[in-house]
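A note on names: the letters A, B, ... follow the listed sequences, proteins ahead of strands, and every chain is numbered from 1.
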There are 2 protein chains.
Amino acid sequence: MLKDFECTQESYAKGILREKGLKSTAQRLAVVHVLHTSGKSLSVGEIHDGVKEMLGVTGLATIYRTLEVFEDLGIVKRLHFPDGGHGYAFSQGEHVHHMVCVGCRVVFDFPECPVESFDYASVEKQGFRVKDHFIQLFGQCGKCAEAA
Amino acid sequence: MLKDFECTQESYAKGILREKGLKSTAQRLAVVHVLHTSGKSLSVGEIHDGVKEMLGVTGLATIYRTLEVFEDLGIVKRLHFPDGGHGYAFSQGEHVHHMVCVGCRVVFDFPECPVESFDYASVEKQGFRVKDHFIQLFGQCGKCAEAA
DNA sequence: ACGTTAAATGAGAATATTTATCAACTGAGC
DNA sequence: GCTCAGTTGATAAATATTCTCATTTAACGT
Ligand SMILES: [Mn+2]
Ligand SMILES: [Mn+2]
Ligand SMILES: [Zn+2]
Ligand SMILES: [Zn+2]
């Protein structure tokens, strides 16, 4: 039930929330805190647990609602794992992609976008207009590589 | 309750199944048929409906089991949509990525891989070893672009 | 064709995941 | 402090996915 947590990530989130006329609630800031301090991607349940540790009782629906809001704001990204599960990772607004360790699910950002200079001509020829993309790299972090 | 469907995709699947010592059941071949004839990605429910139309009663669990097997075999790919939903698309083994229309969910393949020649040096420096990747492009097909 | 057998299926229960409702609560601006 | 739209927690409801097990069936050898 801490109450004083505040670092750049939290203020960053606050700024965006204010901009959009949304409230900076303790629950929302706690989600940011839990995500960015973990340094890895977390499941909804793990985030819920983390927030409960900080604030005490917290509704699971609030976590889902917060993650949805944050995803729209570009503050968090949803990741998709080969086993079908999902994770969420903190992500500062700009266009970044993620690289996740399939072992421990730590996340590394990579700001260079592989499709930045990709030529869509071959497919756009068929009348398709590309508007967005999702890229996720899988692999092993140093620690998990050793352990294996 | 048709019984005679058979085209290159079905035999392709049969071949892979035999190779792996797995059975070519009517249900499995029906899933291939439904997927590839639709030309777009389908939800589990849609696939289930399509298979039931062909074979009559069919268990939903069988659809899930089949999709899992096929994904492992590289015959189908699971797609992830921005709204959180999932779709499955037929996909002939080779390394292919997909481009989906967020309107009607039609799927276009694009064989050229954007990360083929991408330099992971910047991130591998941190000890991370890239082993796989997932790429999905979003946009609008010609028809959906007009309709909008 | 026939029998054998491991693999696969269908039914339905059991889980897991996600969304919807609504009364009560709270952050932000005045 | 007062107001009010935005937010939350509790809980139910809706979806989505996985499990179990008795029964069926494809593949193979005869
Ligand atoms: Mn997904
Ligand atoms: Mn690729
Ligand atoms: Zn790791
Ligand atoms: Zn379309």
Side-chain angles (χ1 to χ4, degrees), chain A residues 1 3 6 10-11 13-32 41-49 51-73 75-76 78-88, chain B residues 1 3 6 10-11 13-32 41-49 51-73 75-76 78-88:
Chain A
M1 305 218 195
K3 199 63 205 288
E6 173 89 33
E10 273 92 328
S11 6
K14 276 187 177 180
I16 304 220
L17 287 168
R18 185 178 312 112
E19 252 178 52
K20 302 289 180 181
L22 302 172
K23 292 184 180 174
S24 286
T25 67
Q27 291 86 346
R28 285 175 177 170
L29 296 179
V31 168
V32 173
S41 64
L42 300 174
S43 68
V44 174
E46 291 171 325
I47 296 171
H48 189 203
D49 291 342
V51 170
K52 281 190 288 188
E53 240 174 70
M54 294 180 67
L55 308 179
V57 64
T58 304
L60 176 58
T62 296
I63 305 300
Y64 276 102
R65 286 182 293 231
T66 297
L67 290 172
E68 188 183 5
V69 170
F70 281 0
E71 206 178 355
D72 290 346
L73 298 178
I75 292 177
V76 305
R78 169 193 273 232
L79 303 177
H80 307 264
F81 294 99
D83 69 12
H86 292 137
Y88 290 85
Chain B
M1 304 217 195
K3 199 61 205 290
E6 174 88 32
E10 272 92 326
S11 5
K14 276 188 177 178
I16 303 218
L17 287 168
R18 184 178 310 111
E19 251 178 52
K20 303 288 179 179
L22 302 173
K23 294 183 179 177
S24 286
T25 66
Q27 291 85 345
R28 286 175 176 170
L29 296 179
V31 168
V32 172
S41 63
L42 300 174
S43 68
V44 174
E46 291 172 325
I47 296 171
H48 189 205
D49 291 343
V51 171
K52 281 190 289 188
E53 241 174 70
M54 292 179 70
L55 308 178
V57 65
T58 304
L60 176 57
T62 296
I63 305 300
Y64 276 102
R65 287 183 291 231
T66 298
L67 290 172
E68 188 182 4
V69 170
F70 281 2
E71 206 178 357
D72 290 345
L73 297 178
I75 293 178
V76 305
R78 168 194 271 233
L79 303 178
H80 307 263
F81 295 100
D83 68 12
H86 292 136
Y88 290 85

Starting from the C-alpha separation in whole Å, work towards a yes-or-no answer on side-chain contact (heavy atoms from CB on, under 4.5 Å) for Arg65(A) and Thr62(A).
CA-CA 5 Å; Arg65(A) 286 182 293 231; Thr62(A) 296; 3.1 Å; yes
Taking CG from Leu60(B) and P from dA14(C), how many angstroms apart are they, rounded to a whole number?
17 Å
So, OP1 or OP2 of dG10(C): does either fall under 4.0 Å of a side-chain N or O from Gln27(B)?
yes
If you find the nucleotide of DNA chain C closest to Asp83(B) and the one closest to Leu22(B), which residue's nucleotide is nearer the 5' end?
Leu22(B)
Protein-nucleotide distance (Lys52(A), atom NZ; dA10(D), atom P), rounded to Å
10 Å
Just the rounded figure in Å: distance from C1' of dT24(D) to CZ of Arg65(B).
12 Å
Whole-Å distance, Arg18(B) CZ to dA27(D) C1', equals 10 Å
What orientation do His80(A) and His86(B) show, parallel under 30°, tilted 30 to 60°, or perpendicular over 60°?
perpendicular
With nearest nucleotides of DNA chain D determined for Ala61(B) and Ala61(A) from heavy-atom distances, which residue corresponds to the more 5′ nucleotide?
Ala61(A)
Winner on side-chain proximity to His86(B), out of dT17(D), dG10(C), dT18(C), is dT17(D)
Taking for Ile63(A) and for Tyr64(B) the nucleotide of DNA chain D with the nearest heavy atom, the one nearer the 5' end belongs to Ile63(A)
Rounding to a whole Å, what distance do you find between Leu55(B):CG and dT25(D):P?
12 Å
In whole Å, I'd like the distance from the CG atom of Leu42(B) to the P atom of dA16(D).
14 Å
Nearest to the side chain of Thr62(A), heavy atoms from C-beta on, is which of dA28(C), dT7(D), dT8(D)?
dT8(D)
Take atom CD of Glu19(A) and atom P of dA28(C), then tell me their distance rounded to the nearest Å.
15 Å
Selected nucleotide, minimal atom distance to Lys23(B) side chain, candidates dG9(D), dG6(D), dA27(D):
dA27(D)
Axis bend over the full length of the helix from dA1(C)-dT30(D) to dC30(C)-dG1(D), computed from five pairs that close each end, to 10 degrees:
50°
Under 4.0 Å from OP1 or OP2 of dA8(C): is there any side-chain N or O of Arg28(B) that close?
yes
Picking from dT7(D), dG12(C), dG9(D), the nucleotide nearest the side-chain atoms of Thr58(A) would be dG9(D)
Could you point out which residue of Ile63(A), Ile75(A), Val44(A), Leu79(A) forms a side-chain contact (heavy atoms from CB on, under 4.5 Å) with Tyr88(A)?
Val44(A)
Closest to the side chain of Val57(B), out of dA11(C), dT7(D), dT21(C), is dA11(C)
Mind calculating the distance between CD (Glu68(B)) and C1' (dA16(D)) to the nearest angstrom?
15 Å
Backbone N or O of Leu22(A) within a donor-acceptor pair of the Ser24(A) side chain at under 3.5 Å?
no
When you compare the side chain of Arg28(A) with that of Val69(A), does any pair of heavy atoms fall below 4.5 Å?
yes
Side chains of Leu17(A) and Leu73(A) in contact at under 4.5 Å (non-hydrogen atoms):
yes
